[in-house]
Amino acid sequence: MAPSKVLAGARVVLPTGTVDDGRVIVDGARIADTAPPQAEVVDVSGHWVVPGFVDIHNHGGGGASFTGGTPEEILKGVETHRRHGTTTTVASTVTGDLDFLARRAGVLAELAQQGDIAGIHFEGPFISPCRKGAHDEQLLREPDPAEVRKLVDAAHGHAKMMTLATELPGGLDSVRLLVEHGVVAAVGHTDATYEQTVQAVDAGATVATHLFNAMPPVGHRAPGPITALLEDERITVELINDGTHLHPAALQLAFHHAGAARVAFITDAMDAAGFGDGRYRLGPMDVEVADGVARLVEGGSIAGSTLTLDRAFKRAVTVDRLPVGDVVAALSANPARLLGLDDRIGSLEPGKDADLVVLDDAFDLVGVMRRGAWAVDPQLG
């Protein structure tokens, strides 16, 4: 059990707004409303304290792949992102052979059972070859509900989300199957029309996988999936705010039309996140990372990102000029709610897990706490 602490003097971002000269009381692994006797006082004056970040779309980091790594390597990737403020990680897979993905789901399910990850996101193989991005076209499949069910079952209750091209044969039935099993159906890597996307949302889809990326652009006669996903209040839109995947105006467009309560910042990170430039593998594909941008060796498509969520936070506030409260919602509260975990994480409220991030006045990360224990201790610099 971690010792009790009182983080004092910070600007604390709460669901009701920001409290200047506030404090967060940590009793063991939880946030408390009263400080226990002999609690350690941690002076974080001049800093921000915000909820721990929740990443619902992440393929790896620290040189480790969530799709192909050993359990030890996967944990290394999780820890890499934790040091950058992500206290809750959903592990995303990439397109592969169905039996391989089922086996990987079993490995990830064990880590989810231990509480190391929050669940599994299957991105592929049920996506459009027209919008495949960094997925191997030879391994893509139409979304047969029986095969979708195979992956869900292989996750042993830990499947959290699946990305589908819902316009493909079997797509809508697969969305309905996912909803019946408590799995988020996400529209992505899709070549759908506006009308087909509306059908998918009506069938139960609730997420837009990295909105704008790997889908048709908006047209004045063919508004496409982007318009349908932005306008529907049932949809949470993922955004990769790394300065590469999205023009700042596209980010502003999404916030304006969806509103801060419907945006989830994600990393879509691959192995190189927190590790550096070089040659990597993303599933079966070779990736070259140069100047922090990951692209397929063959074809040059963007292949995930090297983003960490602390960088997404700083960019959103300092470059995109978004209100801090809106950024906190997009990084914490909204994805926590989407996962059905907002009773435990996503905001700094008594009774919830003591997951938090300490930022300095320039919005650089200086501290990370997960379940009451420092992953990055702000007192140690």
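Any value given below was found using the heavy atoms of this structure, including those in side chains, with hydrogens, waters and symmetry copies removed. Treat the numbers as computed from the prediction; the structure is a model and nothing was measured.
Using modelled atom types, one side-chain atom of His47 and one backbone atom of Ser45 make a donor-acceptor pair closer than 3.5 Å. A distance-only check finds a donor-acceptor pair linking the side chain of Asp97 to the backbone of Phe100 [under 3.5 Å]. Using a distance-only test at 3.5 Å, with no hydrogens or angles considered, no donor-acceptor pair links the side chain of Gln114 to the main chain of Leu111. No donor-acceptor pair closer than 3.5 Å links the side chain of Asp55 to the backbone N or O of Thr88. Distance alone, capped at 3.5 Å, places no donor-acceptor pair between the Asp310 side chain and the Gly85 backbone. Remark: side-chain polar atoms of Arg262 are paired, donor with acceptor, to backbone N or O of Ile235 under 3.5 angstrom.
Between Val327 and Phe265 the shortest side-chain heavy-atom distance falls below 4.5 Å. Here the side chains of Val366 and Leu359 are not in contact, with every heavy-atom distance at 4.5 Å or above. Between Asp353 and Ile31 there is no side-chain heavy-atom pair separated by less than 4.5 Å. For the pair His257/Glu231, no side-chain contact is recorded, criterion being any heavy-atom separation below 4.5 Å from C-beta on. Counting heavy atoms from C-beta on, the side chains of Asp268 and Leu307 never come closer than 4.5 Å. Using a 4.5 Å cut-off on side-chain heavy atoms (C-beta onward), Thr86 and Thr308 make no contact. Between Leu140 and His135 there is a side-chain heavy-atom pair separated by less than 4.5 Å. Leu239 has its side chain within reach of Phe212: a pair of non-hydrogen atoms, C-beta onward, lies under 4.5 Å apart.
Here His245 and His210 keep their ring centres 6.0 angstrom or further from each other.
A single hydrophobic cluster is seen to contain both Val13 and Val357, as judged by linkage of ILVMFWY side chains at heavy-atom distances under 4.5 Å, directly or through other members.
Closest heavy-atom contact between Ala165 and Ser128: CB-N, 3.4 Å. Nearest heavy-atom pair, Val41 versus Ala8, reported as atom, atom and distance to 0.1 Å: CG1-CB, 4.3 Å. Closest heavy-atom contact between Leu229 and Ala208: CD1-CB, 3.7 Å. Minimum interatomic distance between Lys76 and Gly62 (heavy atoms only, all atoms of both residues): CE-O, 3.0 Å. Of all heavy-atom pairs between Val26 and Ala354, the closest is CG1-CB, 3.6 Å. The shortest non-hydrogen separation linking Ala109 to Ile120 is N-CD1, 3.9 Å.
Between the CE atom in Met162 and the OG atom in Ser174 there is a gap of 8.0 Å [rounded to 0.5 Å]. The structure places OG1 of Thr163 at 6.0 Å from NE2 of His57, a figure rounded to the nearest 0.5 Å. With rounding to the nearest 0.5 Å, the separation of CD1 in Ile240 from CG in Leu251 is 11.5 Å. With values rounded to the nearest 0.5 angstrom, Met215 atom CE is found 11.5 Å from Ile127 atom CD1. Rounding to the nearest 0.5 angstrom, the gap separating the CD atom in Gln199 from the OG1 atom in Thr166 is 8.5 Å. Atom-to-atom distance recorded for Phe53:CZ and Ile345:CD1 is 13.0 Å, nearest 0.5 angstrom.
Between Glu288 and Arg295 there is no salt bridge, since none of the side-chain N atoms of the basic residue sits less than 4.0 Å from a carboxylate O of the acidic one.
Side-chain contact check for Glu167 and Thr190: at least one donor-acceptor pair (N or O, by modelled atom type) lies under 3.5 Å.
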